[in-house]
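Start at 1 and go down the list; that is how both ligands and their atoms are numbered. Bear in mind the structure is a predicted one, so any value in this text is a computation, not a measurement.
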Amino acid sequence: MIRSALMNVMTAAALKAGRGLKRDFGEVENLQVSLKGPGDFVSAADRKSEKILFEELSKARPGYSFLMEESGAVEGSDPSHTWHIDPLDGTTNFLHGLPIFAISIGLEREGQMVAGLIYNPATDDMFIAEKGQGAYLNNRRLRVSARRDMSEALIGCGVPHLGRASDHPRFKAELSAVISKVTNVRRLGAAALDLAYVAAARYDAYWERGLKTWDAAAGIVLVREAGGYISTIEGGNDMLHSGSICAGNEAIHKQLLELLAKVPA
Ligand code: IPD
Ligand code: CA
Ligand code: CA
């Protein structure tokens, strides 16, 4: 288990923000049946979580920069460190009362991802990883799955939402190529958890396009530290900024890349 000062700081911030999300999630379930729905309430919960993470992390590591989903970039006096923060990944799930959402915190040091934490307050699953220190779920060391055969693989993916309808034809073509080769596919609705699930061997691989740095930053460290492979869908290294992500164990990651490469753009 990682007990570094850095991981203590990240864990404490996530637990504090997570307590608020857990309370608010209980309230969201009551709001489902109201005419106005829980929309505004959820945006407030999201912003509150981000505020707590920002305050706690700035207090503990003064000067680090931030890239946050809700407030954008905050330049610190130390440009070599950047926190990538999604205060609530899986907003649609949260809004609909589905307990599949997470806080995601990734730390970039001099252009490299060095630490990641993904915490689902509804299940108390705390995924953590630090470069060179392994990946953990609560106190358990994580290792990616050992499956090598695509026909036995369970693959996660992301479906572009209604506002990204121009991405639907390509996604449908990719999905169609993948479902003809694998056991089945899943769509969780929280990219950070998708990556954590690859690290935890719950998925054999996962792919998605159109992600932001805060969706993927923490997961990159988790997958690598669990012995997995992660790249862009084109096989490149700029997963953080391109938004194109493919992760898995060595064998299934390779076969999924080959399969997706045959799908016309
Ligand atoms: C979204 C989720 C979803 C992914 C979207 C993300 P949000 O993040 O991670 O799984 O498909 O691309 O934007 O909006 O719930 O933080
Ligand atoms: Ca997100
Ligand atoms: Ca979010």
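Of all the heavy atoms in Ile252 and Met150, the pair that sits closest is CG2-SD, 3.8 Å.
Scanning for side-chain contact (heavy atoms from CB on, under 4.5 Å) contacts around Tyr229 gives Glu250, His253, with sequence neighbours left out. The ring pair (Phe, Tyr, Trp, His ring centres under 6.0 Å) check on Phe54 picks up Phe66, with sequence neighbours excluded.
Enumerated by chain and number, the residues approaching ligand 1 to less than 4.0 Å through a heavy atom are Glu69, Asp86, Leu88, Asp89, Gly90, Thr91, Arg187, Gly189, Ala190, Ala191, Glu208, Leu211, Asp215.
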Notebook entry, point to check: Should Ser244 and Glu234 be marked as a side-chain hydrogen bond (donor to acceptor under 3.5 Å, both in side chains) after you check the CA-CA gap, both sets of side-chain angles, and the distance that decides it?
Noted result: CA-CA 8 Å; Ser244 157; Glu234 297 69 36; 3.0 Å; yes
Note to self: For Arg202 and Asp125: C-alpha separation, side-chain torsions, deciding distance, then whether salt bridge (Lys or Arg N to Asp or Glu O under 4.0 Å) applies.
What the structure shows: CA-CA 13 Å; Arg202 293 174 179 178; Asp125 275 351; 3.5 Å; yes
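Checked for salt-bridge contact, Lys212 and Asp89 miss the test: no charged N lies under 4.0 Å from a carboxylate O. Salt bridge annotation for Glu258-Lys262: absent, with no cationic side-chain nitrogen under 4.0 angstrom from a carboxylate oxygen.
Outside the 6.0 Å centre-distance limit, the rings of Tyr197 and Tyr206 are not counted as a close aromatic pair.
A donor-acceptor pair shorter than 3.5 Å can be found between the side chains of Glu108 and His84.
Counting only protein N, O or S atoms, 3 lie closer than 3.0 Å to the Ca ion (ligand 2).
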